[in-house]
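Worksheet: one structure, shown below.
As the structure lists them, so they are numbered: ligands from 1, and atoms in each ligand from 1. Both backbone and side-chain heavy atoms feed into the values below; hydrogens, waters and symmetry mates do not.
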Amino acid sequence: MKVTVNTGSISFRLLEQSASTVAESTDRLFVAMLIVCGVMAITLALLVLWFSIRYRAGSDANRDRPPSHAGGLEAAWTIAPLLLFLGLFVWAAHDAVQARRLDQKALPVYVVGKQWMWRIQHSSGRQEINELHVPVAQPVALIMASQDVIHSFFIPAFRLKQDVVPGRFTELMFTATELGEFPVYCTEYCGSAHSAMLARVVVMRADEYSRWAGEHAAQRDETWQMGRASYERLGCASCHSASSHVKAPLLQGLYGRRVQFDDGSSTIADDQYLRESILQPRRRLVAGQPPIMPSFEGQLDEEELLALVAYLRSPGASGADIDDPRAPGSASR
Ligand code: CUA
């Protein structure tokens, strides 16, 4: 939606260019709220003005028969705006839930915020700094973590903003609708160079994106190697392999599968779950497993953690053995 006010030589844009599916619904809601609140404010201001002139001290207005409270007029002007604003609330809540719904088919892109840059890693393994390349008209899920303090990833043209918090993944879903470049701002004060923590989103055609993401195979192998190095350094295989006596859950092909917990609940083994299992393994226990896995909190930085999760993800897609060194090509969902 485009709302532009043109006053001679000065062009003033009421709304920033919109370039995502979320932006369109957000703008509709914003304009509706602006109209409702604007009409309300003007109506009330005019009534205040009119009443203060009509019933000013010394005016000849008839004050003999003030309207009664029982007439229903008062109830009407209380209940009608209440319903109107509750309607806006329901509309906004619906849009917010829609925008947050995780699309399992969305293209995952990993974002690490740190003082003072954004490090982006695509599921193809390609990495970039302060730039985020995405395909147009395809759902994208940003999976974000912070290396140090709280940052916030804000894409005004997409009308989306999400805090990036140390110690956990946060997610942001969108589908870009316009080709081009759009600025990204950090909107959480994160230190002296906070205002310089800028990036941009580059929206490309789908075929261009796949070509772009496929380049730099060296980076992909680097990520996979980094993940594999952590896997070996931390000794994951000593419990999580088929030959281990511990009989911990096998990691091979785990990604994307349903995991059953001993309290009866279950979840799909996604990035968030793998992260939680590495850092807080006893938070949710896999059914039938004793609580023996130690936490690896503090032993991996965010980049190593992302690489390890990427490494764990890789065999699930290809069916290859997790110890198979030929697996790097499979580092996608
Ligand atoms: Cu990062 Cu402000």
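The aromatic ring centroids of F261 and Y273 lie less than 6.0 Å from each other.
Taking the ring axis of F169 as reference, the NZ or CZ atom of R275 stays within 45° of it and closer than 6.0 Å to the ring centre.
No side-chain heavy atom of Q162 sits less than 4.5 Å from a side-chain heavy atom of S152. Taking the side chain as every heavy atom from C-beta outward, I120 and E131 never approach each other to under 4.5 Å. Counting heavy atoms from C-beta on, the side chains of V259 and V286 come closer than 4.5 Å.
A donor atom on one side chain and an acceptor atom on the other are not found under 3.5 Å apart for Q127 and H122.
If you look at atom 1 (Cu) of ligand 1, the protein N, O or S atoms less than 2.8 Å from it are H151 ND1, C186 SG, C190 SG, M197 SD.
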